[in-house]
Amino acid sequence: MTMQWQNQVVLITGASGGIGNAMAKALDEKGAHLILAGRNDIKLKQLQRELVHDHTLVTADITTLEGRNKIVEVCKRWPVSILINNAGTTHVGQFDNAPVESVISTNVISPMLLTQDLLPLLAMRPHPHVVNVGSAFGSIGFAAHSTYCASKFAIKGWTEAMLREYHDSNIHFHYLAPRATDTAINDERAIALNTALGNQVDSPEVVAKALITLLEKDKSRLSLGFAERFFAKLNALFPALVDNALAKKLSTIKRLTFDEPKPCQSEDKTPNAEALSNKLV
Ligand SMILES: NC(=O)c1ccc[n+]([C@@H]2O[C@H](COP(=O)([O-])OP(=O)(O)OC[C@H]3O[C@@H](n4cnc5c(N)ncnc54)[C@H](OP(=O)(O)O)[C@@H]3O)[C@@H](O)[C@H]2O)c1
């Protein structure tokens, strides 16, 4: 079925970011009405100025109930037909000090809760779609990205379960997995690592084009990058091969992404037997 873009109301979370911004421009060109959600009002207004048509802006933090409710209220006024769960955050470095709660909350729990809230509204539209933005790291566990990988593996699994659960309904679920993309989510460490490992980096416009293809061709899954798709398959079939290949890169990954070791404490904090016995009395 041909996508009737002029009839679509598309909610993009993380519209103020690099990929969201490019998606907004591509969908604006197609003639859809957009609900652009993000935390940064100034960036959203700037984006609106760069678009041809007038859209609806909503400033909201998706990790809060208040933020999600605000988005839902807007979607009642503008009956949403396509939800793009794109907002995300990352952490690059050793697991010891990873912000686990914030990454899992932003990348997994919040899109799941927002989708739960919006399903009744989506179901009222004839051919609604939910697109979940994953990552190449949703198929390959990668050192120094453990929490991010956990979040993207979760989104991938959840999307697969949902597209199967809703197979007999009018709601279509899709999984879009970009590879490394040139946006602000990649800090200096991530950029240095991509350069050192020779990883291809896409522009956000490439991801936006893939989104349009995914929706127009009604594809359930779309992953960007031949090498990334190949390694994802290899990892699924022969994980030990990928373990060995990545073990050879570990020293580079650690050198470029791990924090400097903290200076040793001069004071020995190991409790001695005398101190312990004092505590017991
Ligand atoms: N760039 C890559 O290399 C790459 C590769 C694979 C997958 N992805 C995925 O692509 C998606 C978009 O990332 P990006 O590259 O465009 O990164 P980005 O430029 O950093 O944009 C992230 C967006 O998410 C929003 N966001 C973060 N936390 C939020 C929260 N609590 N509530 C509401 N919005 C929040 C940000 O809003 P603020 O402006 O308020 O911060 C921003 O609009 C993410 O899911 C990411 O995991 C990116």
Side-chain angles (χ1 to χ4, degrees), residues 11-26 34-48 57-72 74 83-92 99 101-114 131-140 142 145 147-156 158-159 174-195 197 199-208 210-211 214 222-225 228-229 232:
L11 165 61
I12 310 175
T13 66
S16 51
I19 290 176
N21 192 294
M23 286 175 166
K25 286 176 180 160
L34 307 178
I35 302 169
L36 302 169
R39 288 174 302 184
N40 189 318
D41 189 40
I42 294 168
K43 282 196 205 166
L44 289 176
K45 284 183 177 147
Q46 174 57 37
L47 171 61
Q48 171 63 83
L57 311 184
V58 49
T59 314
D61 182 336
I62 57 162
T63 61
T64 67
L65 178 64
E66 187 197 1
R68 292 190 299 275
N69 284 345
K70 203 170 160 188
I71 295 173
V72 173
V74 172
L83 161 62
I84 303 177
N85 283 312
N86 165 70
T89 187
T90 192
H91 171 260
V92 179
E101 286 187 354
S102 115
V103 174
I104 300 297
S105 167
T106 308
N107 294 3
V108 187
I109 298 171
S110 305
M112 289 176 78
L113 292 176
L114 184 63
V131 181
N132 293 326
V133 178
S135 165
F137 285 143
S139 299
I140 299 178
F142 208 89
H145 295 72
T147 310
Y148 184 69
C149 285
S151 74
K152 293 300 181 179
F153 268 73
I155 278 293
K156 182 169 181 254
W158 173 59
T159 310
H174 310 259
Y175 178 70
L176 175 64
R179 61 177 170 182
T181 308
D182 184 14
T183 73
I185 205 171
N186 293 309
D187 63 5
E188 286 167 10
R189 292 173 174 200
I191 294 168
L193 189 59
N194 282 330
T195 308
L197 300 183
N199 293 338
Q200 291 287 313
V201 179
D202 285 328
S203 69
E205 288 71 28
V206 167
V207 183
L211 170 79
L214 174 114
L222 203 161
S223 300
L224 285 100
E228 287 74 7
R229 282 196 299 274

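Numbering of ligands and ligand atoms starts at 1, following listing order. When a residue number appears, it is its place in the shown sequence, counting from 1.
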| message | Can you name the atoms of ligand 1, numbered from 1 with element, that are less than 4.0 Å from a heavy atom of Ala180? | response | 3 (O)

| Based purely on interatomic distance, does Gly88 place a nitrogen or oxygen under 3.5 Å from a nitrogen or oxygen of ligand 1? | yes

| query | Which protein non-hydrogen atom lies closest to atom 31 (N) of ligand 1, naming both residue and atom, and how far is it? | reply | Asp61 OD1, 2.8 Å

| query | Does ligand 1 have any atom that is closer than 4.0 Å to a heavy atom of Gly134? | reply | yes

Report all side-chain donor-acceptor pairs from residues 132-140 shorter than 3.5 Å, counting only partners two or more places apart or in another chain.
residue	atom	partner	partner atom	Å
Asn132	OD1	Asn85	ND2	2.9
Asn132	ND2	Thr159	OG1	3.0
Ser135	OG	Phe137	N	2.9

| remark: One finds that the ligand 1 atoms under 4.0 Å from a non-hydrogen atom of Val133 are 9 (C), 10 (O), 11 (C)

| message | I need the nearest protein heavy-atom contact for atom 15 (O) of ligand 1: residue, atom name and distance, please. | response | Thr183 OG1, 2.5 Å

| message | Can you name the atoms of ligand 1, numbered from 1 with element, that are less than 4.0 Å from a heavy atom of Ala87? | response | 24 (O), 25 (C), 26 (N), 34 (N), 35 (C), 45 (O)

| request: Quick one: closest heavy-atom pair of Leu224 and Pro178, and the distance? | output: CD1-CA, 3.7 Å

| task | Pick out which of Val206, Asp202, Asn199, Val207 makes a side-chain contact (heavy atoms from CB on, under 4.5 Å) with Arg179. | result | Asp202

| field | Mode of Ala136 contact toward ligand 1 - side chain, backbone, both, neither (heavy atoms, under 4.0 Å) | value | neither

| field | Arg179 contact mode with ligand 1 (heavy-atom cut-off under 4.0 Å) | value | backbone

| field | Reported CG-to-CG distance for the pair Asn86 and Leu211, which is rounded to 0.5 angstrom | value | 9.0 Å

| remark: Interatomic distance, CG@Asp61 vs OG1@Thr13, rounded to 0.5 Å, equals 11.5 Å

| query | Is there a nitrogen or oxygen of Asp182 sitting under 3.5 Å from a nitrogen or oxygen of ligand 1? | reply | no

| task | Indicate yes or no: does an N/O atom of Ile19 lie under 3.5 Å from an N/O atom of ligand 1? | result | yes

| Contact atoms of ligand 1, heavy-atom distance to Ala60 under 4.0 Å | 32 (N), 33 (C)

| task | Note the single closest protein heavy atom to atom 8 (N) of ligand 1, along with its residue, its atom name and the distance in Å. | result | Tyr148 OH, 3.5 Å

| task | Starting at CD1 of Ile109, measure out to CD of Glu101 and round the result to the nearest 0.5 Å. | result | 8.5 Å

| query | Between the side chain of Ser151 and the main-chain N/O of Val103, is any donor-acceptor distance below 3.5 Å? | reply | no

| message | How long is the straight-line distance from CG of Asn21 back to CD of Glu205, given to the nearest 0.5 Å? | response | 8.0 Å

| Is the closest N or O pair between Thr89 and ligand 1 shorter than 3.5 Å? | no

| request: Identify, by atom number and element, the atoms of ligand 1 in contact range of Ser16, meaning under 4.0 Å from any of its heavy atoms. | output: 37 (O), 38 (P), 39 (O), 42 (C), 43 (O)

| query | Thr63 heavy atoms, cut-off 4.0 Å: which ligand 1 atoms fall inside? | reply | 31 (N)

| field | Minimum-distance protein heavy atom relative to atom 13 (O) of ligand 1 | value | Ile185 CD1, 4.1 Å

| query | Touching ligand 1 at all, Ser110? Heavy atoms, strictly under 4.0 Å? | reply | no

| Among protein heavy atoms, which lies nearest atom 23 (C) of ligand 1, and at what distance? | Gly14 CA, 3.7 Å

| Of all the non-hydrogen atoms in the protein, which one sits nearest to atom 19 (O) of ligand 1, and at what distance? | Gly18 N, 2.8 Å

| note | Of all heavy-atom pairs linking Asn107 and Gly88, the shortest is OD1-CA, 3.3 Å

| Proximity winner for atom 38 (P) of ligand 1, if only heavy atoms of Lys152, Met23, Arg39 are counted | Arg39

| Gly38 N/O under 3.5 Å from ligand 1 N/O | no

| Ser135 N/O to ligand 1 N/O under 3.5 Å | no

| query | What heavy-atom pair brings Leu83 and Leu114 nearest, and what distance separates the two atoms? | reply | CD1-CD2, 4.3 Å

| message | Please find the pair of heavy atoms, one from Ala26 and one from Ala208, that lie closest to each other, and give the distance. | response | CB-CB, 4.1 Å

| task | Please identify each residue that fulfils side chain to side chain contact (heavy atoms under 4.5 Å, CB included) with Ile185, with sequence neighbours left out. | result | Thr90, Thr183

| note | If you scan protein heavy atoms around atom 11 (C) of ligand 1, the nearest is Asn86 O, 3.0 Å

| query | Any side-chain heavy-atom pair from Lys70 and Val58 closer than 4.5 angstrom? | reply | yes

| request: Give the residue and atom name of whichever protein heavy atom lies nearest to atom 3 (O) of ligand 1, and the separation in Å to one decimal. | output: Thr181 N, 2.8 Å

| task | Please identify which atoms of ligand 1 are closer than 4.0 Å to at least one heavy atom of Asn40. | result | 40 (O)

| task | Give the contacting part of Asn186 toward ligand 1: side chain, backbone, both or neither, where contact means a heavy-atom distance below 4.0 Å. | result | side chain

| Value rounded to 0.5 Å, distance of CD1 in Ile104 from OG1 in Thr63 | 13.5 Å

| query | Between Ala24 and Leu47, what is the shortest heavy-atom contact and its length? | reply | CB-CD2, 3.9 Å

| Atoms in ligand 1 flagged as close to Lys43, the criterion being non-hydrogen separation under 4.0 Å | 39 (O)

| Is any side-chain heavy atom of Tyr175 less than 4.5 Å from a side-chain heavy atom of Ile155? | yes

